[in-house]
There are 2 protein chains.
Amino acid sequence: MRPSTREALVGAAAELLDEGGPEAVTLREVGRRSGVSHNAPYKHFADKEALLAAVAAQELGRRASSLAAAAEQPPDEAVRTAMHGYVAWALENPRRFKLVYGTWRTGSPELATAADSARSRLVGLVTAAQNAGALPGGDPERLTALILALAHGAVDLALSGHLARDGKGRADPDDLIDDLFGHLAKG
Amino acid sequence: MRPSTREALVGAAAELLDEGGPEAVTLREVGRRSGVSHNAPYKHFADKEALLAAVAAQELGRRASSLAAAAEQPPDEAVRTAMHGYVAWALENPRRFKLVYGTWRTGSPELATAADSARSRLVGLVTAAQNAGALPGGDPERLTALILALAHGAVDLALSGHLARDGKGRADPDDLIDDLFGHLAKG
DNA sequence: ACCTGAACACCGTTCAAGT
DNA sequence: ACCTGAACACCGTTCAAGT
């Protein structure tokens, strides 16, 4: 069966987001690409932000699935692999990354659920790595937060050009992740 | 002497940014609060983005000054103090934080200079801490990037609600910074 | 050099009306 | 239940003109 109007709207919005950022997502163009009028979206979403939240939730759901794939690796490598995957996703889809972690004026339950799901999967990987002796002990949620914060910050700084780009101090997000795991292994 | 028109425009833009985010910074309101017409800003800035870049550069310049203050502490504590200061600034001024590290369609040399200045000050603090034996060795630029990425990511995740908020795994950005320094000290 | 007022194209949102 | 067309208020930007 062909996509429902709602799915078409979300798809068109994601497409426009990739092409030109959130302000390029005009309800008029979303409607046009979906074959409906420019205010048909209001029958499916409260406003433009709710439409963007649906795009973010869809993206986060896909991220959670790719975390499930990382879980099939041996536990001592799964977390690192997952983090490199996170970085690759963010660098390839910077506007989706910025959207997902942007500021929302009105909280979307759909988005919150997707975020919790992704984070709890990662906590599972970290716990397994701890049990395998590949990561130091302590509260797994807290260690997960540490690792995720580093990966997230490295990507965000890289995207905004605030990471040293040239010269001998050059480090990309993948390097920083490996550095962190090196320090954690020594502890 | 009273503020020039340019300074008034930047000040009004910063005020509006704090009140309602970037989209609340309308050139019409900026002009009104500065006592000029709604298109007078175009005589000082190429467009709205250039005005926002001036706000970001001003903010980053102030951040660099506050890093200078941290340098007066003993070297083994200066970096940690600076990072807690970074977190406090970001949590108190989330819209300025998001603006500074947002995506710019057109690069501003003013902003790039301010960013380099802030980062090189931090590298100086890290180098001093390494010499004092408070941080592990290795390339100071790269270690600086690691620490900054963690602080930045922790704040950004906290602002977007992607850090665990309740339950036993709860960690705020300050906790994560201390955790990182703990792991680094053990290495 | 700096500023103004009018104008243009565009956008989010609302509303009355249609099926 | 879902959609349309007209309309409203608003905004970034441009332009001709003023001092």
Side-chain angles (χ1 to χ4, degrees), chain A residues 1-58 95 98-99 102-108 110-111, chain B residues 1-58 95 98-99 102-108 110-111:
Chain A
M1 71 181 214
R2 60 178 220 284
S4 69
T5 297
R6 194 196 139 97
E7 286 161 354
L9 293 170
V10 173
E15 212 175 82
L16 287 164
L17 175 73
D18 285 338
E19 289 172 19
E23 65 270 32
V25 183
T26 68
L27 295 182
R28 284 166 157 85
E29 183 64 17
V30 166
R32 210 180 59 72
R33 294 194 184 191
S34 305
V36 292
S37 76
H38 73 281
N39 41 18
Y42 285 96
K43 309 304 163 182
H44 300 267
F45 302 97
D47 53 19
K48 175 176 169 174
E49 194 189 24
L51 172 59
L52 287 174
V55 174
Q58 184 190 64
R95 319 232 209 218
K98 283 284 190 183
L99 178 73
T103 314
W104 301 93
R105 293 183 128 73
T106 160
S108 146
E110 195 184 359
L111 183 54
Chain B
M1 72 180 215
R2 60 177 217 285
S4 69
T5 296
R6 194 196 138 96
E7 286 161 354
L9 293 170
V10 174
E15 212 174 83
L16 287 164
L17 175 72
D18 285 338
E19 290 171 19
E23 65 269 33
V25 183
T26 67
L27 295 183
R28 284 168 158 84
E29 183 63 16
V30 166
R32 210 181 59 72
R33 294 196 183 189
S34 305
V36 293
S37 76
H38 73 280
N39 41 18
Y42 285 95
K43 309 304 162 182
H44 300 268
F45 303 97
D47 53 19
K48 176 176 170 175
E49 193 188 24
L51 172 59
L52 287 174
V55 174
Q58 185 191 64
R95 319 233 210 216
K98 282 283 189 183
L99 178 73
T103 314
W104 301 93
R105 294 184 126 73
T106 162
S108 147
E110 195 185 359
L111 182 55

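Owing to the predicted nature of the structure, the values given are computational and were not obtained by experimental measurement. Chain letters run A, B, ... following the sequence lines, proteins first, then strands; residues in each count from 1.
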Participant: Check whether any side-chain heavy atom of Val25(A) sits under 4.5 Å from a side-chain heavy atom of Val30(A), and report yes or no.
Facilitator: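 The answer is yes, as the side chains (C-beta and beyond) meet within the 4.5 Å cut-off.
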Participant: Rounded to the Å, how far apart are Tyr42(B) OH and dG5(C) C1'?
Facilitator: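 Roughly 15 Å, once rounded to whole Å.
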Participant: Check the phosphate of dG12(C) against Lys48(A), side-chain N and O only, distance under 4.0 Å to OP1 or OP2. Yes or no?
Facilitator: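 Yes, such a contact exists.
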Participant: Check the distance between dC11(D)'s C1' and Arg32(B)'s CZ and give it to me in whole angstrom.
Facilitator: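 Arg32(B) atom CZ is separated from dC11(D) atom C1' by 15 Å.
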Participant: With a 4.5 Å limit on heavy-atom distance, are the side chains of Tyr42(A) and Leu51(A) in contact?
Facilitator: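 No - every pair of side-chain heavy atoms lies 4.5 Å or more apart.
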Participant: Quickly work out the Lys43(B) NZ to dT19(D) P distance and round it to whole Å.
Facilitator: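 Atom NZ in Lys43(B) sits about 16 Å away from atom P in dT19(D).
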Participant: Contact class for Val25(A) vs. all strands (heavy atom < 4.0 Å): base, sugar-phosphate, or nothing?
Facilitator: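 Result for Val25(A) = sugar-phosphate.
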Participant: From CD of Glu23(A) over to P of dC11(D), roughly how many Å is that when rounded to an integer?
Facilitator: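 Going from CD in Glu23(A) over to P in dC11(D) covers 16 Å.
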Participant: Quick one: look up who dC8(C) pairs with, Watson-Crick or G-U, both distances under 3.5 Å, and put none if it's unpaired.
Facilitator: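 Pair assignment: dC8(C) / dG12(D).
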Participant: Would you check if the side chain of Glu29(B) reaches a backbone N or O of Thr26(B) as a donor-acceptor pair within less than 3.5 Å?
Facilitator: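 Side chain of Glu29(B) to backbone of Thr26(B), a donor-acceptor pair under 3.5 Å: no, none is there.
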Participant: dC11(D) P sits how many Å from Glu29(B) CD, rounded?
Facilitator: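 Atom CD in Glu29(B) sits about 8 Å away from atom P in dC11(D).
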Participant: Just compare dT4(D), dC3(D), dC11(D) and give me whichever is closest to any side-chain atom of Ser37(A).
Facilitator: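 Among the listed nucleotides, the one closest to the side chain of Ser37(A) is dT4(D).
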Participant: With distance as the sole criterion, do the side chain of Asn39(A) and the base of dT14(C) form a donor-acceptor contact below 3.5 Å?
Facilitator: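 Side chain to base: pair present.
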Participant: When both hydrogen-bonding distances must be under 3.5 Å and the geometry is Watson-Crick or G-U wobble, what is dC2(C) paired with, if anything?
Facilitator: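 Partner of dC2(C): dG18(D).
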Participant: On DNA chain D, nearest-nucleotide positions of Pro22(B) versus Gly35(A): which is more 5'?
Facilitator: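 By nearest-heavy-atom nucleotide position, the 5'-most residue is Gly35(A).
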Participant: OP1, OP2 of dC3(C) versus side-chain N and O of His44(B): anything below 4.0 Å?
Facilitator: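 For dC3(C), OP1/OP2 do have a side-chain N/O of His44(B) under 4.0 Å.
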Participant: Just N and O in the side chain of Thr26(B): are any of them under 4.0 Å from OP1 or OP2 of dC10(D)?
Facilitator: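 No, no such contact exists.
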Participant: Taking Glu19(A) for its side chain and Ala24(A) for its backbone only, find out whether a donor-acceptor pair lies under 3.5 Å.
Facilitator: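 Not at all, since once roles are kept as given, no pair shorter than 3.5 Å links the two residues.
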Participant: dC11(D) P sits how many Å from Asp47(B) CG, rounded?
Facilitator: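 Rounded to whole Å, this separation is 17 Å.
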Participant: In whole angstrom, give the distance that lies between atom CG of Leu27(B) and atom P of dC11(C).
Facilitator: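 Going from Leu27(B) (CG) to dC11(C) (P), I get 17 Å.
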Participant: Val36(A) versus Lys43(A): any side-chain heavy-atom pair under 4.5 Å?
Facilitator: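 Side-chain contact under 4.5 Å: no.
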Participant: Mind calculating the distance between NE2 (His38(B)) and P (dC10(D)) to the nearest angstrom?
Facilitator: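 To the nearest whole Å, that distance equals 14 Å.
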